[in-house]
Amino acid sequence: MLGPLGLHVPDHMVFVGLVTLIILGVGLAIRSQLSVDHPGKLQIVLEDIVMFLVGVLEDNMGPKGRRYLPFLGTLFVFILLGNLMGQIPGLGSPTSNINVPFACALSLWLYYHYEGVKANGVVKYIKHFAVMPGVPLALAPMIFVIEIISHLSRVLSLTLRLFGNIFGEHLVVLILASIVPFIAPLPIQFLGLIVGPLQAFIFLVLGAIYLTAATHADDHGDDYKAAPAH
């Protein structure tokens, strides 16, 4: 797609801009209509979504989970809309291009490390990568290297999980549509309506788990036992 200056704009960036405009437009539209006594239907729906997100964060992080709602909630909504956009004829999912899942994964990775440093201080946060309860200090250098590799792999695992599921679903739909148009892709498209929200939810939960571990450096060992495998 050509931009206003004749520059080529990748399709996934157009869809990213569209998702952003949708979120911004809904936010601006509802802001002037917010009411405590007489909430509208859209406000009620949005409040239910917010309470759902708060519930997920507090279930995984405790009472402090609410403070991370602005970032994790925005990331969840962006991924959700991006995943589902591909189900609309004529549009595509920005998350089916690997650059978008990578940007989401990298943003989450940088954010939870930032919050970890803010909560514990630079020295204490770096220390928890090497010193673990019950482990001899002599093993600290080896543990530090392993932990760094483990944290770097999170960007890869988050990226590939989201990209693989969304891109794979769209690829199967295209293949089936080339064989039997309209009818054959319908079951896979229906499955996409489940996979899209599920992947956004998984991203949200993993973000909460990573933030819990980062902001509780003293509980390093326990947090990583509770975290799912990469």
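The figures that follow rest on heavy atoms only: side chains count, while hydrogens, waters and symmetry mates do not.
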Using a 4.5 Å cut-off on heavy atoms from C-beta on, say whether the side chain of [Y] contacts that of [X].
| X | Y | value |
| --- | --- | --- |
| Phe201 | Phe52 | yes |
| Val14 | Pro94 | no |
| Gln199 | Glu169 | no |
| Leu204 | Leu57 | yes |
| His12 | Asn99 | yes |

Legend entry - Pair His151 and Tyr210, ring centroids less than 6.0 Å apart: no
Inset, instruction - Could you tell me whether Phe71 atom CZ has more than 12 heavy atoms of other residues or ligands within 6.0 Å of it? - result: yes
Inset, instruction - Check each of Val205, Leu53, Leu108, Val77 against Leu72 using the side chain to side chain contact (heavy atoms under 4.5 Å, CB included) test, and report the only one that passes. - result: Leu108
Inset, instruction - Pick out which of Leu176, Ile175, Leu174 makes a side chain to side chain contact (heavy atoms under 4.5 Å, CB included) with Val172. - result: Leu176
Legend entry - Any side-chain donor near an acceptor of the partner, Lys118 and Thr215, under 3.5 Å: no
Legend entry - Asn83-Ser93 side chain donor-acceptor pair, cut-off 3.5 Å: no
Inset, instruction - Over 60° means perpendicular and under 30° means parallel, so classify the ring planes of Phe129 and Tyr125, tilted if in between. - result: perpendicular
Legend entry - Path from Val16 to Leu91 over hydrophobic side-chain contacts below 4.5 Å: yes
Inset, instruction - Begin from the C-alpha positions of Leu211 and Tyr111 and carry the test side chain to side chain contact (heavy atoms under 4.5 Å, CB included) through to its verdict. - result: CA-CA 8 Å; Leu211 270 167; Tyr111 179 74; 3.8 Å; yes
